[in-house]
Visitor: 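I'd like to ask you about the structure that follows.
Below, each value reflects all heavy atoms present in this structure, side chains not excepted, and no hydrogens, waters or symmetry copies. The structure displayed is predicted, hence computed values, not measured ones. Residue numbering restarts at 1 for every chain, and letters A, B, ... go by the order of the sequence lines.
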Amino acid sequence: MKKILNRPVDYVDEMLDGLCAAHPDIYAQPSPRVITRAGGATAGKVGLVTGGGSGHLPVFTGYVGRGLLDATAIGDVFASPSAEQMAEAMRRADGGAGVLRLYGNYGGDVMNFDMAGEMLEMEDIASTTVVLADDVASAAPEERAKRRGVAGMIYAFKIAGARAEERASLDEVTTTAQKAADACRSIGMALSPCIVPQAGRPTFELGEDEMEMGMGIHGEPGIWRDKTKPADAITDEMMDRLLADTPLGRDDRVSILVNSLGATPLEELYIMFRRAKARLDDLGVAITMPLVGRYATSMEMTGATMTICRLDGELERLLRAPANCAYWTVT
Amino acid sequence: MKKILNRPVDYVDEMLDGLCAAHPDIYAQPSPRVITRAGGATAGKVGLVTGGGSGHLPVFTGYVGRGLLDATAIGDVFASPSAEQMAEAMRRADGGAGVLRLYGNYGGDVMNFDMAGEMLEMEDIASTTVVLADDVASAAPEERAKRRGVAGMIYAFKIAGARAEERASLDEVTTTAQKAADACRSIGMALSPCIVPQAGRPTFELGEDEMEMGMGIHGEPGIWRDKTKPADAITDEMMDRLLADTPLGRDDRVSILVNSLGATPLEELYIMFRRAKARLDDLGVAITMPLVGRYATSMEMTGATMTICRLDGELERLLRAPANCAYWTVT
Amino acid sequence: MGEITAPALAAAVARIAVAAEAFAPELNAADGALGDGDLGITVSRGFGEAAGAALPADVGLAFLECAKAFQRVSSSSYGTLVATALMATAKATKGRDAVPASDVPGLLKGALDAMMARGKGNLGEKTVLDSLHAVMLALDERGEGDVMPAAVRAARETVESFRARPNKLGRARMFGDGSIGLADPGQLAFCLIVEALQTAMVPAGRTGVTDGD
Amino acid sequence: MGEITAPALAAAVARIAVAAEAFAPELNAADGALGDGDLGITVSRGFGEAAGAALPADVGLAFLECAKAFQRVSSSSYGTLVATALMATAKATKGRDAVPASDVPGLLKGALDAMMARGKGNLGEKTVLDSLHAVMLALDERGEGDVMPAAVRAARETVESFRARPNKLGRARMFGDGSIGLADPGQLAFCLIVEALQTAMVPAGRTGVTDGD
Ligand SMILES: Nc1ncnc2c1ncn2[C@@H]1O[C@H](COP(=O)(O)OP(=O)(O)O)[C@@H](O)[C@H]1O
Ligand SMILES: Nc1ncnc2c1ncn2[C@@H]1O[C@H](COP(=O)(O)OP(=O)(O)O)[C@@H](O)[C@H]1O
Ligand SMILES: [Mg+2]
Ligand SMILES: [Mg+2]
Ligand SMILES: [Mg+2]
Ligand SMILES: [Mg+2]
């Protein structure tokens, strides 16, 4: 939990400078903290926009690219960007076919994206919203709308991005994005915190032998906190909780994402994947295009999230469609 | 520095099981701890083999794939695989055109790969060796042959892999691989250690406000240990040391790799990249195809390595050639 | 309370900005216990930026500048809600150079409605909405005259009476019953702001507020 | 020392295996100070696996089985060097059911050469090579009779005399002058193995070693 940075206040801007300098063929920053595809909006294509706090790379900015998103607005670490930045991202994403806002269900982000949408209305740019709320640990099924959005959002980015690339209408892209959002269930667990640069302190405290099940990616409280357990036991509990929320059986096809929150290495994600696959194999559930890696992080946090995305023919076709950003290439 | 695992003794095998189960289109494990391409050897192509200790994903196993390596032998965490496993990887990689061993300069690995080479000789499989020794912090220029191999090895994998894919002969591939190896200079710095599962303790200790410049990826001692510095100062020192070893100027073209040792997030790598690019810009050195991410890790270690790979026309062509593994796709 | 003019608004904002610098650590700590610990930064940055803005004489446009300033620098929930309230007030007062004190309860009602729409919140969920509502009622009752003591009392009482209840909205909701016994950071912030405003009202004549008492 | 037969080899290996279980923590610690802390595991696993191998009567093939066992389970530098030494000895003794004690210095020389070729090392670099060399010289001088005390003395003296010098090879080289004052883990391991072997030699008659004294 030690960091490499200059002045904390410059963390985000220097990061974005570096990102655009490293991948000028993919990303551009036409106005501060608004990142678009290098070529800007695609005429005639629905624009996809996301946004939220920094500190989650590749989420959010990393998923701007062909077959994925068109623009993002990025805030300070773990803090919402402003409504004006969001509106600017939407303007830059608009290719004349309207814009879909696709982002995680966090209070500040929701309010600001709503305001941004109202601003665009006045500018006669059509826009719609799909809010991502995949974290089963954050509210009961009856209160699904209150759930947080976590790693499952990348399925929505990918699937909606592919649908937009097909030149579907704003309504069609929105419908598919909502379907993808509804198809995802995630849960996380954390072992150690990260440090928000401007705060300078860990986001939470956990004993040397403790873990927390269900913790959110900003350290939001989870379901229980206790001694760490073996990888298989942790994976089993995560799978049990996901399957309780979205029962699966023979004939179901899913993709799963085993995601590191940052510090947890690939080695350990594969140990978890192995168990998760065994569980799904037992149920006769087919896994297609599984993802294992660092897809949605909290900087140097230790821990992992598990996402199940239940696929139908359309979702699978779109998930497999070509896409390219600095962190995810599908050919 | 907390881990998700079952029994430490199963860490590597469960990881490899998970890796092959997650990417059956890319990796196969035909014999224990020997990973090959899913389709095995390619007839008529020079086989590329690497190997070394586990705990460095995507290195080594992750770089098996089209346009990259053909097989790897993997040991326990941070421990060499056996000569017999290396020989088996070489047998499985041989498509009739001979095999190149391409691996990092560590005592155990060198001795075992030499033994493996002698075994293959008796089986009439031609083989050659290129040892990767890119870490400038590990020995003076006069003793370059004693240097450790670190993240720069992925340039050698990529470039040699592309050359082999062109159906170059074993001698030609070896020559190009050696050229790539000679073109790379790396240096690392560490902020916090990792835990080797079977040891159960951190590999080294550093005070809460300390860093170590030049530390190796297994915690080998570096150049100095002192209070942490700002990102730009750290990057400057790393660049100074690299440039002292391989002076660059106008007309030079390089790729650079800013690599996380595991826990250090992408955000911070981009802050470092930004500075490294400014330094090279000042010198008039052109950067092409820079890499920023987790390419060679030490599990959950905090820290970063910086590699400069100086390119000529051939090396750049091969670096840009198509390749695909679970962690690196070039199209 | 006197009437609201652009200079009066500027003076009030300036006074809150100064006070917020001082109470920011307390707010960060309160928000740290139930959220992400940024509320002190949000409030002090927001009022700081607004205090630095040049305000036009039109009261509505003056409130609009304050809203924009808030939005520029603090986009956390509270910042956005404050901006929303300022924006609603701006709309309601546009085109006037002075707004009588008697309009204040109505303006507060407008701000409250806008905040509830923006944050999809309800009264009783232990948020800043409850504070605003309580102050609005107190002003309504108190009518003309020096309403600030009543406003401060209402804001303070809201913090204390909600302390024993769980948070039902925003980030603090995640803590469930763990939030019982703790002050809602947003309610606390509101109380500190009103207190700062009261202090600002006292020397009002000297700082440009037309004191109507 | 008696002559070397397969049963004698088996008994010696078994004795070292038992001793290695006990001294593994000491070796891990020594290697931890100058390397990666795995040397105790390497030595105890290697001899443990060799002790479990069924050895054929042919001394050369018996050494070969031991070499293979070592290679299977311990591929760190030391494991590979021990395997290399065992392999060289296997080649030199193949086809014989007993090897006289007088051959031992020559066999040690062959092992040393093989290890130097494998590890590209030289004498004086503060490694196990120096230990092997010192013991070889001691046996050469001592000639016939009970050579073990001289061997143990040479191995122990090597550890102590190199302590004041820096490591020049292997992982410990990285510590430069930081290695001064510390025992080379590989030399220490060699010493502990030879000591275990001495203990094994004493009740040799009972465990199948043909005692020539
Ligand atoms: N949706 C909402 N509606 C009304 N008030 C809210 C809402 N969400 C949060 N609040 C208030 O804002 C306070 C937290 O503000 P802030 O720290 O800016 O939030 P965050 O950092 O979670 O975005 C809460 O204590 C509560 O009073
Ligand atoms: N190239 C070499 N030649 C001879 N001896 C060596 C060589 N490298 C290491 N050693 C010896 O091996 C010991 C370390 O063994 P080990 O712990 O197995 O190494 P590592 O874990 O670094 O692979 C050293 O103390 C030294 O005596
Ligand atoms: Mg907050
Ligand atoms: Mg916040
Ligand atoms: Mg060792
Ligand atoms: Mg070792």
Visitor: Below 4.5 Å from any heavy atom of chain B, which atoms of I287(A) appear? Answer side chain, backbone, both or neither.
Guide: neither
Visitor: Contact part of R294(B) toward chain A, heavy-atom cut-off under 4.5 Å: side chain, backbone, both or neither?
Guide: side chain
Visitor: Go through the atoms of L269(B) and report whether side chain, backbone, both or neither lie under 4.5 Å from a heavy atom of chain A.
Guide: neither
Visitor: Let me know if M301(B) has heavy atoms under 4.5 Å from chain A in its side chain, its backbone, both or neither.
Guide: neither
Visitor: Which one wins on heavy-atom pair count under 4.5 Å against chain A: E14(B), M15(B), K229(B)?
Guide: E14(B)
Visitor: Can you say whether T264(B) sits under 4.5 Å from chain A via the side chain, the backbone, both, or neither, judging by heavy atoms?
Guide: side chain
Visitor: Closest approach of P265(B) and Y11(A), non-hydrogen atoms and distance?
Guide: CG-OH, 4.0 Å
Visitor: So which of A278(B), A326(B), G55(B) has the biggest tally of heavy-atom pairs under 4.5 Å with chain A?
Guide: G55(B)
Visitor: Tell me, side chain or backbone of Y327(A) under 4.5 Å from chain B's heavy atoms, or both, or neither?
Guide: side chain
Visitor: In terms of heavy-atom pairs under 4.5 Å, which option from R274(B), E300(B), K277(B) contacts chain A the most?
Guide: R274(B)
Visitor: Does any part of the side chain of E208(A), heavy atoms only, come nearer than 4.5 Å to the side chain of K2(B), both counted from C-beta?
Guide: yes
Visitor: Do you know which of V258(B), I256(B), I234(B), D232(B) has the most heavy-atom pairs with chain A at a distance under 4.5 angstrom?
Guide: D232(B)
Visitor: Please classify the contact of M272(A) with chain B as side chain, backbone, both or neither, using a heavy-atom distance under 4.5 Å.
Guide: side chain
Visitor: Where on M189(B) is there a heavy atom nearer than 4.5 Å to chain A: the side chain, the backbone, both, or neither?
Guide: side chain
Visitor: Between chain A and each of S298(B), P230(B), C20(B), count heavy-atom pairs under 4.5 Å; write down the option with the most.
Guide: P230(B)
Visitor: Measuring only between side-chain heavy atoms, which start at C-beta, is I4(A) closer than 4.5 Å to L191(B)?
Guide: yes
Visitor: Go through I271(B) and N6(A) one step at a time and tell me if the side chain to side chain contact (heavy atoms under 4.5 Å, CB included) criterion holds.
Guide: CA-CA 8 Å; I271(B) 292 173; N6(A) 295 304; 3.7 Å; yes
Visitor: If we define contacts as heavy-atom pairs under 4.5 Å, which of G62(B), A22(B), P58(B) has the most with chain A?
Guide: A22(B)
Visitor: Measure distances from P197(A) to the heavy atoms of chain B and classify the residue's part below 4.5 Å as side chain, backbone, both or neither.
Guide: neither
Visitor: Determine which pairs satisfy salt bridge (Lys or Arg N to Asp or Glu O under 4.0 Å) with at least one residue from residues 254-272 of chain B, sequence neighbours left out, and list them in order.
Guide: K3(A)-E268(B)
Visitor: Is the centre of the Y270(A) ring less than 6.0 Å from the centre of the H23(B) ring?
Guide: yes
Visitor: Against chain A, label D25(B) side chain, backbone, both or neither, depending on which of its atoms sit under 4.5 Å from a heavy atom there.
Guide: neither
